[in-house]
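Have a look at the structure below before the remarks.
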Number of protein chains: 2
Amino acid sequence: MDEVAILAKVSKPTVSRALSGSPLVNAKTRERVLAVAREHGYAVNRNAQKLRHKRTNTIAVSIDFLSHRQNHVSDPFVFELLAGVSEALGNQNQDLLLTAPNHNDPDVFQQMLLSRGVDGFIFLGQGHREDMLDKFSALGAPMVVWGAKRKKEAYCVIGSDNVRGGELAGQYLIEKGRRNILFVGDPSHNEIYWRMKGLKSSAENSGSSIHFSEMQLSNFSYESAYESAISYFSEAESLPDGVFAYSDTAAMAIIHALKKLGRRVPEDVSVVGYNDIPGSGFFSPAITTIRQETFLAGELMVSKLMKIIDGKKTKSETIKTELIIRDT
Amino acid sequence: MDEVAILAKVSKPTVSRALSGSPLVNAKTRERVLAVAREHGYAVNRNAQKLRHKRTNTIAVSIDFLSHRQNHVSDPFVFELLAGVSEALGNQNQDLLLTAPNHNDPDVFQQMLLSRGVDGFIFLGQGHREDMLDKFSALGAPMVVWGAKRKKEAYCVIGSDNVRGGELAGQYLIEKGRRNILFVGDPSHNEIYWRMKGLKSSAENSGSSIHFSEMQLSNFSYESAYESAISYFSEAESLPDGVFAYSDTAAMAIIHALKKLGRRVPEDVSVVGYNDIPGSGFFSPAITTIRQETFLAGELMVSKLMKIIDGKKTKSETIKTELIIRDT
DNA sequence: AAAACCTCTGAAAACCGTTTCAATTTGGCG
DNA sequence: CGCCAAATTGAAACGGTTTTCAGAGGTTTT
């Protein structure tokens, strides 16, 4: 910057002001400075800026990101969320720091904040990290979480209306005449718990007598979901005629298992998924599902987080949640 | 750091040395410093460090990332790659900066480098950005690209052996007795071009007479691929009995279209995809595909890039490429 | 006992911007 | 023409770390 200053025959602060668009600098001077900077390929050092400003304009995004090694697979849905967040952050001139998958220690996150590596956090998925998130937010970390609302609002949560999603799925299945309904998912995840609750409540309010069962599904991958399903069904007294799976990916695995066992979908069994992931309409059968507006969700999370970083208050919010019927 | 120094009754440089694990500091002194730091929740300022070191330990990752708005969808395969890269970077203590989706301007990337925002780049997918990548690499930017090798090796490319992948697909189809083979994809993408080449060469070397056709597919989404397929097939003289699609997602859309038109897959038509994305075995029919070791690819890209950043030379490399047969 | 050598520590400079504050110039107005 | 305000600029300090270099104290060698 010193060199630019000399070449433009001004002082360093003036160069700084010219480049940062300060109104305190004369228009002609600015032109001169910009010309020199452009010509000599000068770019301000972002680290010096961050150091001085005590602000990094960087947001850490943490995905409940399951590496291949552990035979986990991340849901395409998360990718959709990430795309939304990425675009929204880009629009706000914020950098997106994707945290390493195995960083699930509150200390690691706090370190990032303390060392001024990032200004705030977006957690995509609560997973089983609720305790960690509670602790972290108790430390006053600026953060927004995709997931399900908690009893006490510790941090800002954006998510779909899981109870409503469950109800929509339930109503659909009941309208289809299904009376032996299976829920697939791991209700120790908060989001999934509420989806199940919604499903149950719609069954209770339907006036019909519904047989309700539940299939735990932990440690998700297509393969393990499929195998769990096969072994579950082989031990079950009766096969369900309606299934609500916590995600489209799970629905796909379940459908595969049902077909393997000779059930026709959707003729014998109706299956509802969640997320409306790309391609869910191209599965056979096309998957009836609950859509969440992931793109808006990204924008919403980012705008909330920016507010929080600026010291303003915001509340958790729920995203539009609708049933997409695919009957063919 | 000054405060820590005072509390530990040493000077600032000593604190710095203690925290960075320098051997120049006495063991007892180090203990004292670490204790004070821990107790007072002190963390070194990463930005000051980066400023001083002229090294950020941050790698920019650019995805040919297609936002929802443009009705594009990113292939789950890219997510797999990203997961691999993320884990590998984490192991090397490098931060991963995910660039905004619309950043496709070499100037933007150069700015990131010049302003010392990042040390290097990983581009996941060449897409239609080859010119940009050439320009950027000509500026001496440290970078590694996932994609297909070019004639002249301008930058380090990691990718599958696309020609071989195409050959494997072709051999499979021909062995299945297919003689009317369709390639689906946009050969203006380098990777896809070579896959097609491989397919053709296996057809030519087979000794049988193969009718070969080609369906352009630009601007991918499931929906548009499906529609293109429907309109292509309705105008074609004959329907193919073998299809090689440039990706599993495209294969899924094509299969959907073929079924719609009353063809049975795999009885009437054999379809081969590419990537072995999660769930490709759970589609109906399960998708025969070409697998690439994405996880190793991530590690390889990162290790290559680290070498390049350290001023060492490396060469492009090809990842294991194998056919996964799913006939059921 | 002097010389040579380690080991450990601290002062000062460097990294590269931005901000504060004071100074200079210019313009407006009576 | 003199005075005041506004516009523009620059000197110096600051943000937080690391590195260079020199020095203090202790140990070993001759």
Side-chain angles (χ1 to χ4, degrees), chain A residues 1-38 40-58 93 95 110-119 309, chain B residues 1-38 40-58 93 95 110-119 309:
Chain A
M1 183 174 264
D2 273 321
E3 289 184 34
V4 175
I6 293 168
L7 289 166
K9 300 201 199 336
V10 290
S11 69
K12 207 168 39 149
T14 303
V15 174
S16 170
R17 286 190 273 252
L19 292 174
S20 67
S22 156
L24 282 110
V25 66
N26 183 297
K28 274 173 61 185
T29 318
R30 157 170 298 125
E31 273 316 308
R32 195 150 31 94
V33 172
L34 290 181
V36 172
R38 205 175 319 118
H40 291 256
Y42 169 78
V44 277
N45 184 313
R46 302 260 284 127
N47 300 315
Q49 261 179 339
K50 291 177 187 177
L51 174 58
R52 185 66 232 235
H53 278 145
K54 302 186 168 198
R55 174 93 185 235
T56 63
N57 292 325
T58 303
N93 278 315
D95 284 343
Q110 220 210 331
Q111 197 70 9
M112 296 176 75
L113 205 59
L114 250 41
S115 67
R116 300 199 173 280
V118 300
D119 296 336
I309 289 172
Chain B
M1 185 174 265
D2 273 321
E3 289 184 33
V4 175
I6 293 169
L7 289 165
K9 301 202 198 337
V10 289
S11 70
K12 209 168 35 152
T14 302
V15 175
S16 170
R17 286 191 273 252
L19 292 173
S20 67
S22 157
L24 281 109
V25 66
N26 183 296
K28 274 172 62 185
T29 318
R30 157 168 302 124
E31 273 317 307
R32 192 150 32 97
V33 172
L34 290 181
V36 172
R38 206 174 321 117
H40 293 255
Y42 169 79
V44 273
N45 185 312
R46 301 261 286 127
N47 300 313
Q49 260 181 338
K50 291 178 186 177
L51 175 58
R52 182 66 231 235
H53 277 144
K54 300 185 168 198
R55 174 93 185 236
T56 62
N57 291 325
T58 303
N93 278 316
D95 284 343
Q110 220 209 332
Q111 197 70 9
M112 295 174 78
L113 207 57
L114 252 42
S115 65
R116 301 198 173 279
V118 300
D119 296 335
I309 289 173

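FYI, side chains are in, hydrogens and waters are out, and symmetry mates aren't considered; it's all heavy atoms of this structure. Convention: sequence-line order gives letters A, B, ...; per-chain numbering from 1.
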Under 3.5 Å, side chain of R30(A) to main-chain N/O of S22(A), donor-acceptor pair present?
yes
Please report, rounded to the nearest Å, how far the C1' atom of dC16(C) is from the CZ atom of R46(A).
14 Å
Can you measure from CZ (R52(B)) to CG (N47(A)) and round to the nearest 0.5 angstrom?
13.5 Å
CZ of R30(A) versus C1' of dT8(D): gap in Å, rounded?
12 Å
Out of dC8(C), dG17(C), dT18(D), whichever nucleotide has its closest atom nearest the side chain of H53(B):
dT18(D)
Got R46(B) and T56(A) here, is their nearest side-chain heavy-atom distance under 4.5 Å?
no
Base versus backbone protein contacts along nucleotides 10-15 of chain C [heavy-atom cut-off under 4.0 Å; B, S, -]
BBBBBB
For a quick test of reading the model: is some side-chain N or O of Q49(A) closer than 4.0 Å to OP1 or OP2 of dT18(C)?
yes
Measure from CZ on R55(A) to P on dC14(D) and round the result to the nearest Å.
24 Å
Give the rounded distance in Å between these two atoms: CE of M1(A) and P of dA12(D).
18 Å
Can you tell me if N93(B) uses its side chain to pair, donor with acceptor, with the backbone of N57(B) under 3.5 Å?
no
Any base atoms under 4.0 Å from V15(B), or only sugar-phosphate, or nothing? Heavy atoms, all strands.
nothing
Phosphate OP1/OP2 of dT18(D): any S20(B) side-chain N/O under 4.0 Å:
no
Would you confirm whether N45(A), through its side chain, and L51(B), through its main-chain N or O, come within 3.5 Å as a donor-acceptor pair?
no
Length of the line joining L114(B):CG and dG17(C):C1', which is rounded to integer Å:
15 Å
Gap between atoms CG and P, on N47(A) and dG17(C) respectively (whole Å):
10 Å
Atom CG of N57(B) and atom C1' of dT17(D) are separated, to the nearest Å, by 15 Å
Kindly compute the distance separating CG (D119(A)) from CE (M112(A)), expressed to the nearest 0.5 Å.
11.0 Å
So, is Y42(B) near the phosphate of dT17(D), with a side-chain N or O under 4.0 Å from OP1 or OP2?
yes
In whole angstrom, what separates D2(A)'s CG from dA12(D)'s C1'?
13 Å
Which of these, V4(A), I6(A), D2(A), sits in a side chain to side chain contact (heavy atoms under 4.5 Å, CB included) with K12(A)?
D2(A)
Give A43(A) one of three labels, base, sugar-phosphate or nothing, depending on what nucleic acid heavy atoms sit under 4.0 Å from its own.
sugar-phosphate
